Asks: 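Let me begin by handing over the structure; questions about it come next.
Residue numbers start at 1 and run along the sequence shown. Computed from a prediction, not measured in an experiment: that's the story for all the values here. In each ligand, atom 1 is the first atom listed, and ligand 1 is the first ligand listed.
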Amino acid sequence: MAKYIVVTGGAGYIGSHTVVSLVENGYTPVILDDFRNANRVVIDGLKAILQAEPIIHEGDICDPNFLDSIFEKYEPLSVIHFAAYKAVGESVAEPLNYYQNNISGLVNVLQKMLEFNISNFVFSSSCTVYGEPKGQKEVTEETEKNLPNSPYGYTKWIGEQIIQDVYNANKHLKVINLRYFNPVGAHKSALIGEFPIGRPNNLLPFVTQTAIGKQEILTVFGNDYPTPDGTCIRDYIHVSDLANAHVKAVDFLMEKKSGLLENINIGTGKGTSVKEIIQAFVKETGVVLNWQNGPRREGDVVEIYANASKAEKLLGWKSELTIVDAVRDAWNWEQYLSK
Ligand code: NAD
Ligand code: UD1
């Protein structure tokens, strides 16, 4: 019997890579996506990687009738909930769209899971829930949460609170909030990857777009921070490693007999500066990159990286790919898009 896993937002960046990992591990993903932030090229990419037609249902996860029809048809073992808006700057300009989609979507999915007696749930959370960590820059799941700096960040913060409250009232639920650090890279085949809409905000898409000539110059946002080279430090996690973490999370939930709620950091455990990313890109690809130092970006966290030991202990997951793999795969994907 097929082991169906509903993947909301499965046509998106992280969702599509997770679909690949699920299939590779014997699950049958059911993608729910209305393509509001996905490109159909990804579906062709998925077909080519999987050598099979993925199951896709086009619809809005905020629509209760849509979820009724899916849960009734597939009786999924678990839901992995990616579908949400994710652009920090846009969320500042259009907060209501973010609260509407990210919060209503989550509430609707949880409501329907309860109605259909589906217990296993994996939620896309973010290291943004830690805000700017006080003191130690390596954060564990026990590190105090701080208020985020954008409506987007609040949707993850409140999302975790909603999940906590729903769990308190429904202790049979088995839930993992995966707190992603900075997802980067693309599938090694370069057939799926990230599609930034408009001018990218995130570092690596800006690097590859500059290298290919879609952007004129990359600006490093601040080089006078209290870090070894003066630029901000993040934990960049390869998207294929991140995808595998979801499979491990689902495996873990399936093994457990009683309810649980766990927050788990998904990162490499290593901090990398903006300049180190640029250096790695130039060294690995041999491409000349046009870049300059510029002013700090408002709201930037100076330094944060994961303590990822809980993921290893609980899920048996740890990152395997490196920054070099990520810059190479992101560059191959950028070149593929430009063909
Ligand atoms: P993405 O935009 O590439 O994927 C999200 C997908 O959800 C898209 O395909 C979009 O079309 C779909 N979607 C959105 N709203 C929908 C709706 N109402 N109904 C149906 N489909 C809908 O984003 P991503 O980078 O893959 O991120 C996935 C999740 O991970 C998001 O929840 C995001 O907030 C979270 N996250 C992402 C990052 C990151 O840097 N990419 C970091 C931390 C957390
Ligand atoms: C940003 C969001 C965060 C979100 C994450 C994933 C902010 C303040 N934070 O995190 O909430 O979860 O994206 O989508 O926006 N950089 C440059 N030049 C650029 C782009 C980025 O120097 O053109 C630097 C940034 O200053 C930062 C690093 O690169 O130091 C990474 O930036 P980015 O990819 O935007 O991720 P975050 O800031 O970690």
Asks: Taking 4.0 Å as the limit for heavy-atom contacts, which would you say applies to Lys156 with ligand 1: side chain only, backbone only, both, or neither?
Replies: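 Only the side chain of Lys156 comes within reach of ligand 1.
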
Asks: Considering Gly59, Gly12, Gly9 one by one, which has a heavy atom nearer to atom 20 (C) of ligand 1 than any of the others?
Replies: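 Closest candidate by heavy-atom distance is Gly59.
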
Asks: What residue and heavy atom of the protein are closest to atom 30 (O) of ligand 2, and at what distance?
Replies: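 Scanning the protein heavy atoms, the shortest distance from atom 30 (O) of ligand 2 goes to Cys232 CB, 3.0 Å.
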
Asks: For ligand 1 and Asp34, I'd like to know whether there is a polar contact (N/O to N/O, distance under 3.5 Å).
Replies: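 So ligand 1 has an N or O lying under 3.5 Å from an N or O of Asp34.
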
Asks: At less than 4.0 angstrom from any non-hydrogen atom of Asp60, what atoms of ligand 1 do you find?
Replies: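 Per the distance check, 17 (C), 18 (N), 19 (N).
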
Asks: Do any nitrogen or oxygen atoms of Thr219 come within less than 3.5 Å of a nitrogen or oxygen of ligand 2?
Replies: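 Looking only at distances, the answer is yes, because the N/O contact criterion of under 3.5 Å is met.
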
Asks: Assess Arg179 for proximity to ligand 1: is some non-hydrogen atom of it under 4.0 Å away?
Replies: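 Arg179: no contact with ligand 1 (<4.0 Å).
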
Asks: Below 4.0 angstrom from a heavy atom of Thr128, which ligand 2 atoms are there? Numbered from 1 as shown, please.
Replies: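 Those qualifying, in numeric order: 11 (O).
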
Asks: Closer than 4.0 Å to some heavy atom of Ala11 - which atoms of ligand 1 meet that?
Replies: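 Counting from 1, the qualifying ligand atoms are 9 (O).
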
Asks: Among all protein non-hydrogen atoms, which one is nearest to atom 10 (O) of ligand 2, and what is the separation to 0.1 Å?
Replies: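 Scanning the protein heavy atoms, the shortest distance from atom 10 (O) of ligand 2 goes to Asn182 ND2, 4.2 Å.
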
Asks: Out of Asn108, Val109, Asn101, Asn102, indicate the one that has the non-hydrogen atom closest to atom 15 (N) of ligand 1.
Replies: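 That would be Asn101.
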
Asks: Can you report which non-hydrogen protein atom sits closest to atom 28 (C) of ligand 1, along with the distance?
Replies: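 Looking only at protein heavy atoms, the one closest to atom 28 (C) of ligand 1 is Phe82 O, 3.7 Å.
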
Asks: Counting from 1, what ligand 1 atoms have a heavy atom of Ala38 closer than 4.0 Å?
Replies: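 What qualifies from ligand 1 is 9 (O), 11 (O).
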
Asks: Test your reading of the structure: does Phe181 have an N or O sitting under 3.5 Å from an N or O of ligand 1?
Replies: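 Among all N and O atoms of Phe181, none is under 3.5 Å from an N or O of ligand 1.
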
Asks: For the residue pair Gln335 / Trp331, report whether a side-chain donor-acceptor contact shorter than 3.5 Å exists.
Replies: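 Their side chains do contain a donor-acceptor pair, which is all the 3.5 Å distance test asks for.
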
Asks: Is the distance between the ring centroids of Tyr180 and His246 under 6.0 Å?
Replies: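 Yes.
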
Asks: Of the protein's non-hydrogen atoms, which lies at the shortest distance from atom 12 (O) of ligand 2, and what is that distance?
Replies: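 Protein heavy atom with the smallest distance to atom 12 (O) of ligand 2: Ser126 OG, 3.4 Å.
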
Asks: Which atoms from ligand 2 have a heavy atom of Val220 less than 4.0 Å away?
Replies: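 What qualifies from ligand 2 is 22 (O).
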
Asks: Give the single entry among Gly153, Ala84, Gly15 that approaches atom 5 (C) of ligand 1 most closely by any heavy atom.
Replies: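 Of the listed residues, Ala84 has the closest heavy atom.
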
Asks: Less than 6.0 angstrom separating the ring centers of Tyr336 and His187, yes or no?
Replies: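 Ring-ring flag for Tyr336/His187: false, centres at least 6.0 Å apart.
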
Asks: For atom 17 (C) of ligand 2, grab the closest protein heavy atom and report residue, atom and distance to one decimal in Å.
Replies: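 Going atom by atom, the protein heavy atom closest to atom 17 (C) of ligand 2 ends up being Phe221 CD1, 3.3 Å.
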
Asks: Counting each atom of ligand 2 from 1 as listed, which ones have a heavy atom of Gly299 under 4.0 Å away?
Replies: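 The list of qualifying atoms is 8 (C).
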
Asks: Flag Leu32 as yes when one of its N or O atoms lies below 3.5 Å from any N or O atom of ligand 1, and as no otherwise.
Replies: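 In fact, backbone or side chain, Leu32 has no N or O that close.
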
Asks: Does ligand 2 come near enough to Glu298 that some N or O of the ligand is less than 3.5 Å from an N or O of the residue?
Replies: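 It does not: no N or O of Glu298 is found under 3.5 Å from an N or O of ligand 2.
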
Asks: Looking only at atom types and distance, does a side-chain atom of Asn120 sit under 3.5 Å from a main-chain N or O of Leu77, one as donor and one as acceptor?
Replies: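 Yes; at least one donor-acceptor contact below 3.5 Å.
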
Asks: Step by step, would you call Asn290 with Thr210 a side-chain hydrogen bond (donor to acceptor under 3.5 Å, both in side chains)?
Replies: CA-CA 7 Å; Asn290 199 15; Thr210 307; over 6 Å; no

Asks: Would you check the N or O atoms of Ser125, main chain and side chain alike, for any that come under 3.5 Å of an N or O of ligand 1?
Replies: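 For ligand 1, there is no N or O atom that lies under 3.5 Å from one belonging to Ser125.
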
Asks: Is Gly105 in contact with ligand 1, taking contact as a heavy-atom separation below 4.0 Å?
Replies: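 No.
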
Asks: Could you list which atoms of ligand 2 come closer than 4.0 Å to a heavy atom of Val274?
Replies: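 Those qualifying, in numeric order: 22 (O), 24 (C), 28 (C), 29 (O), 30 (O).
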
Asks: Taking only heavy atoms of Tyr236, which atoms of ligand 2 are found under 4.0 Å from at least one of them?
Replies: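 This gives 28 (C), 29 (O), 31 (C) as the contact atoms.
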
Asks: Taking a cutoff of less than 4.0 Å between a non-hydrogen atom of the residue and any ligand atom, is Tyr152 in contact with ligand 1?
Replies: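 In this structure, Tyr152 qualifies as a contact of ligand 1 - some heavy atom is under 4.0 Å.
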
Asks: Within a distance under 4.0 Å of any heavy atom of Tyr152, pick out the atoms of ligand 2 and give their elements.
Replies: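 Every atom of ligand 2 under 4.0 Å from some heavy atom of Tyr152: 12 (O).
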
Asks: Under a 4.0 angstrom heavy-atom cut-off, which atoms of ligand 2 come close to Asn201?
Replies: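 Contacts of ligand 2 toward Asn201, numbered from 1: 20 (C), 21 (C), 35 (O).
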
Asks: Is it true that Tyr152 and Glu90 share a donor-acceptor pair across their side chains at a distance under 3.5 Å?
Replies: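 The criterion, which ignores hydrogens and geometry beyond distance, is not satisfied for Tyr152 and Glu90.
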
Asks: If the cut-off is 4.0 Å to any non-hydrogen atom of Leu218, which atoms of ligand 2 fall inside it?
Replies: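 Counting atoms of ligand 2 from 1, those under 4.0 Å from Leu218 are 23 (O).
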
Asks: With heavy atoms of Ser124 as the reference, note each atom of ligand 1 found under 4.0 Å away.
Replies: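 Matching atoms, with element in brackets: 29 (C), 30 (O), 32 (O), 35 (C).
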
Asks: Which residue and non-hydrogen atom of the protein lie closest to atom 1 (C) of ligand 2, and at what distance in Å?
Replies: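 Here the nearest protein heavy atom works out to Asn202 ND2, 4.1 Å.
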
Asks: For atom 27 (C) of ligand 2, grab the closest protein heavy atom and report residue, atom and distance to one decimal in Å.
Replies: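 Answer, as residue, atom name and distance: Arg234 NH2, 3.8 Å.
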
Asks: Number the atoms of ligand 1 from 1 as they appear, then name those within less than 4.0 Å of a heavy atom of Phe35, with their elements.
Replies: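 By the 4.0 Å cutoff, the relevant atoms are 11 (O).
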
Asks: Out of Arg36, His81, Lys86, who gets a non-hydrogen atom closest to atom 17 (C) of ligand 1?
Replies: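 Among Arg36, His81, Lys86, the closest heavy atom to atom 17 (C) of ligand 1 belongs to Arg36.
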
Asks: Minimum distance, heavy atoms only, to atom 10 (C) of ligand 1: which one of Val129, Asp33, Val184, Ile61 is it?
Replies: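 It is Asp33 whose heavy atom sits nearest to atom 10 (C) of ligand 1.
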
Asks: Charged N to carboxylate O under 4.0 angstrom, Asp251 versus Lys248?
Replies: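 The answer is no: the pair does not qualify as a salt bridge.
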
Asks: Report the nearest protein non-hydrogen atom to atom 32 (O) of ligand 2: residue, atom name, distance rounded to 0.1 Å.
Replies: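 Ranking protein heavy atoms by distance from atom 32 (O) of ligand 2, first comes Arg297 NH2, 3.4 Å.
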
Asks: Measure the distance from atom 2 (O) of ligand 1 to every protein heavy atom, then report the residue, atom name and distance (to 0.1 Å) of the closest one.
Replies: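 Protein heavy atom with the smallest distance to atom 2 (O) of ligand 1: Asn37 ND2, 2.6 Å.
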
Asks: Can you report which non-hydrogen protein atom sits closest to atom 26 (O) of ligand 2, along with the distance?
Replies: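 Here the closest protein heavy atom is Asp300 OD2, 2.5 Å.
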
Asks: Are any of the heavy atoms in Gly153 under 4.0 Å away from ligand 2?
Replies: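 Heavy atoms of Gly153 never come under 4.0 Å of ligand 2.
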
